[in-house]
A.B. asks: 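Once you've had a glance at the structure underneath, I'll fire off some questions.
Bear in mind the structure is a predicted one, so any value in this text is a computation, not a measurement.
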Amino acid sequence: AQSVSQHNHHVILSEAASLELGCNYSYGGTVNLFWYVQYPGQHLQLLLKYFSGDPLVKGIKGFEAEFIKSKFSFNLRKPSVQWSDTAEYFCAVNWSKFSGGYNKLIFGAGTRLAVHP
Amino acid sequence: ETGVTQTPRHLVMGMTNKKSLKCEQHLGHNAMYWYKQSAKKPLELMFVYNFKEQTENNSVPSRFSPECPNSSHLFLHLHTLQPEDSALYLCASSQDLYHPYNEQFFGPGTRLTVL
């Protein structure tokens with residue numbers, strides 16, 4: 001079955017540290033890739049997405065992610081985190097060739113990031 | 001209101017109660033979803049509707065009953081729940097299931113506690 005793995009469940013960083021959150025998915029084929037963020041007490045919101053083209057995707061708030069097809073990975077990065085980046089981050093993937101042909105979105109378990117001032 | 005709204009935001013109910021969660025999307029989308037978010041577990045897709053028709057029931061117990069009267073509204077009717085059903089229930093919408101990218105937009109969720 002399709003699955004999405006996020007390697008780190010909890011990450012603790014100091015402000016200005018660099019961030020990289022791992023995301024790997026099973027199966028190849030055509031995929032659409034997403035990172036969502038959930039700030040404390042707020043709803044899930046889209047951070048960035050990859051559909052095609054340049055594998056290095058830039059999102060909001062200085063985040064970027066790189067799609068490496070050969071590694072089935074879509075890691076999230078930020079060169080310098082801020083206290084306001086404290087949130088839970090979810091990687092999500094859809095495979096258009098599965099589940100009766102519709103684009104079903106599969107989520108990873110999430111990574112909880114705490115940034116200390 | 002813009003985006004996806006959910007009411008109530010918090011709900012506490014006993015195991016014998018009947019309650020309903022409501023979701024409304026103001027994005028002109030045709031697909032709507034219910035997810036369950038529990039601590040330390042991935043988001044679990046529960047139900048999917050496309051143009052008001054249910055297209056997926058992800059082996060959800062019958063004590064959860066969805067209803068989609070139109071493309072803008074989605075309900076989740078709850079009855080005789082168990083304490084393990086306590087979770088955050090998220091509603092989402094997307095343009096439609098067969099859109100090439102099918103980006104989903106989420107509501108704030110209903111925090112459900114079953115006593």
Side-chain angles (χ1 to χ4, degrees), chain A residues 1-10 23-26 29-53 57 59-60 67 74 87-112, chain B residues 1-7 9-10 21 23-27 29-51 53-59 87-111:
Chain A
Q2 311 101 295
S3 64
V4 178
S5 299
Q6 291 184 241
H7 315 300
N8 312 100
H9 295 296
H10 289 93
C23 173
N24 286 88
Y25 59 92
S26 61
T30 302
V31 290
N32 300 314
L33 303 158
F34 306 82
W35 275 97
Y36 284 86
V37 61
Q38 190 172 31
Y39 297 103
Q42 296 189 30
H43 61 277
L44 272 168
Q45 45 189 294
L46 186 68
L47 201 54
L48 48 77
K49 60 192 176 189
Y50 172 81
F51 297 147
S52 63
V57 180
I60 60 172
F67 171 48
F74 190 55
E88 190 158 15
Y89 293 81
F90 295 90
C91 180
V93 183
N94 73 40
W95 288 262
S96 60
K97 298 185 185 303
F98 289 88
S99 301
Y102 84 82
N103 296 329
K104 183 176 180 178
L105 199 60
I106 305 293
F107 282 84
T111 297
R112 202 174 288 272
Chain B
E1 288 280 11
T2 58
V4 182
T5 58
Q6 291 186 243
T7 54
R9 295 292 306 275
H10 300 270
L21 310 184
C23 174
E24 184 173 1
Q25 58 93 4
H26 309 268
L27 300 167
H29 290 164
N30 295 299
M32 296 188 78
Y33 311 77
W34 279 117
Y35 287 88
K36 177 182 179 183
Q37 186 179 19
S38 305
K40 301 181 182 178
K41 292 175 73 173
L43 261 71
E44 300 171 56
L45 180 64
M46 300 174 71
F47 301 103
V48 182
Y49 280 81
N50 198 46
F51 291 93
E53 297 297 319
Q54 187 179 124
T55 56
E56 182 151 346
N57 174 339
N58 209 19
S59 302
L88 183 67
Y89 289 84
L90 295 172
C91 175
S93 71
S94 66
Q95 189 162 336
D96 71 71
L97 290 188
Y98 299 95
H99 187 274
Y101 310 130
N102 203 27
E103 179 181 340
Q104 294 183 24
F105 295 79
F106 286 82
T110 294
R111 175 69 63 186

A.B. asks: Pick one of side chain, backbone, both or neither for Gln6(A), based on which atoms fall under 4.5 Å of a heavy atom in chain B.
C.D. replies: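 When you check distances to chain B, no heavy atom of Gln6(A) falls under 4.5 Å.
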
A.B. asks: State, to 0.1 Å, how close His43(A) and Phe106(B) come at their nearest heavy-atom pair, and which atoms those are.
C.D. replies: CD2-O, 3.5 Å

A.B. asks: Taking the side chain as everything from C-beta on, heavy atoms only, tell me whether Phe34(A) gets closer than 4.5 Å to Gln104(B).
C.D. replies: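 When only atoms from C-beta onward are counted, Gln104(B) and Phe34(A) do not touch, as no gap falls below 4.5 Å.
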
A.B. asks: Can you list everything that forms a salt bridge (Lys or Arg N to Asp or Glu O under 4.0 Å) with Glu103(B)? Sequence neighbours excluded, please.
C.D. replies: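 Expected list: Lys49(A).
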
A.B. asks: Do the side chains of Leu43(B) and Leu44(A) get nearer than 4.5 Å, heavy atoms only?
C.D. replies: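 Touching, per the 4.5 Å side-chain cut-off.
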
A.B. asks: For Arg9(B), what residues pass the side chain to side chain donor-acceptor pair (under 3.5 Å) criterion, not counting sequence neighbours?
C.D. replies: none

A.B. asks: Side chain, backbone, both or neither: which part of Leu46(A) has a non-hydrogen atom closer than 4.5 Å to chain B?
C.D. replies: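 Contact with chain B: side chain only.
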
A.B. asks: If you count heavy-atom pairs under 4.5 Å with chain B, which of Phe90(A), Phe51(A), Tyr36(A) comes out on top?
C.D. replies: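 Option with the top pair count is Phe51(A).
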
